[in-house]
Each structure stands twice: as C-alpha cells, then as structure tokens.
Amino acid sequence: MRNRGGVELTLSGKIIKREKFNWKSTLTWSKNWNKVLKLADGVDGQQEIGSGGNATLLAKIGGTTTAIYGFGFVRSPEGAIVYDNAGLPAYPDEIQYIGDASQIGKLV
C-alpha cells in the first residue's frame, strides 16, 4: 500500500450551557490518500479488510483500503432504482462497489 499523506480536523464546542443542561459536541473529519499496490502473498484478486452488516471493506490492486463493497441497488441507465414484480428494490447477484469509508456522506 502507498500512502500519500492524510489530514484530520477536529472542532469542539459548547453548544448549550445552562444551569441544569449542558451540551458539548465534537466534529471530526479525516482523509487519507492511499492506493493498494500489491496484495499479500498467496492472495489473488482481493483481500477482505473488514465487514459489518451488508458491507465489506475490500482491498483490490489499484483501489484503496477504504473501498466499500456490498449489494447496492440495481439501477436503470438513468440512475433510478429498479423494482421487482413484488415492488421491492432489485439487488444484483454479486457485490459491487457502493462507496468509500473516507467519504461516508457521499456513498453511491
């Protein structure tokens, strides 16, 4: 893996400060630029980094260590979600790239 640096910003503050109620909050944003150059010996194609729920972090050569794969929705060429005969969203037969953990607010 090759890392080309990273950055992390943290913003903390007291949002409300009253006699019987206090609210403090912290917002953290981080970004790490990396690229998978090679997988471990004996590993072909992809390597699972972690999983949870219906998503898996997979390392693939040329990708990042934060790439998320899972069963995203089947979409039309225009980008609309395709529904099956029962009116439920259709899912592909295989997992696909659905986003990046470093850009959670921007999942595809």
Side-chain angles (χ1 to χ4, degrees):
M1 180 175 74
R2 178 184 65 212
N3 276 316
R4 293 273 171 115
V7 64
E8 181 170 305
L9 303 171
T10 302
L11 177 65
S12 297
K14 295 178 183 176
I15 298 171
I16 298 174
K17 186 175 181 181
R18 302 280 188 256
E19 184 177 319
K20 294 185 177 184
F21 180 77
N22 291 312
W23 180 10
K24 298 178 187 175
S25 188
T26 301
L27 175 67
T28 303
W29 176 85
S30 64
K31 176 69 176 161
N32 181 356
W33 293 270
N34 67 66
K35 185 174 184 179
V36 177
L37 302 175
K38 180 182 173 189
L39 297 174
D41 291 339
V43 176
D44 292 325
Q46 62 191 30
Q47 183 172 357
E48 183 177 318
I49 297 172
S51 64
N54 293 324
T56 302
L57 291 174
L58 289 179
K60 295 183 177 189
I61 295 175
T64 69
T65 58
T66 54
I68 302 172
Y69 290 82
F71 291 97
F73 299 121
V74 172
R75 295 188 180 266
S76 71
E78 296 79 29
I81 295 174
V82 174
Y83 293 88
D84 63 18
N85 292 336
L88 299 172
Y91 292 95
D93 294 330
E94 307 236 348
I95 65 170
Q96 61 189 9
Y97 175 82
I98 59 173
D100 194 285
S102 68
Q103 300 178 8
I104 291 299
K106 299 178 185 177
L107 290 179
V108 221

State whether the number of non-hydrogen atoms from other residues, nucleotides or ligands found under 6.0 Å of R18 atom CZ is greater than 12.
-> no
When the side chains of residues 61-74 are checked against the rest of the protein, which donor-acceptor pairs come out under 3.5 Å, sequence neighbours left out?
from	atom 1	to	atom 2	distance (Å)
T64	OG1	T66	N	3.3
T64	OG1	T66	OG1	3.2
T64	OG1	A67	N	3.3
T64	OG1	D100	OD2	3.3
T65	OG1	N34	OD1	3.4
T65	OG1	N34	ND2	3.1
T66	OG1	D100	OD1	2.8
T66	OG1	D100	OD2	3.2

Throw together a table of side-chain donor-acceptor distances under 3.5 angstrom for residues 84-94, partners on residues two or more places apart or in other chains.
from	atom 1	to	atom 2	distance (Å)
D84	OD1	A86	N	3.0
D84	OD1	G87	N	3.1
D84	OD1	L88	N	2.9

Can you get from V7 to M1 by hopping between Ile, Leu, Val, Met, Phe, Trp and Tyr side chains that sit under 4.5 Å apart?
-> no
Tell me whether I98 is reachable from V82 by hopping between hydrophobic residues (I, L, V, M, F, W, Y) whose side-chain heavy atoms are closer than 4.5 Å.
-> no
Applying side chain to side chain contact (heavy atoms under 4.5 Å, CB included), run through L58 and Y97 and close with a yes or a no.
-> CA-CA 9 Å; L58 289 179; Y97 175 82; over 6 Å; no
When rounded to the nearest 0.5 Å, the distance separating OG1 of T56 from CD of Q46 is 9.0 Å
Go through K14 and N22 one step at a time and tell me if the side chain to side chain contact (heavy atoms under 4.5 Å, CB included) criterion holds.
-> CA-CA 8 Å; K14 295 178 183 176; N22 291 312; over 6 Å; no
Under 4.5 Å between side-chain heavy atoms, hopping through other hydrophobics if needed: is there a path connecting V36 to V43?
-> yes
Can you check whether I81 reaches R75 side chain to side chain, under 4.5 Å on heavy atoms?
-> yes
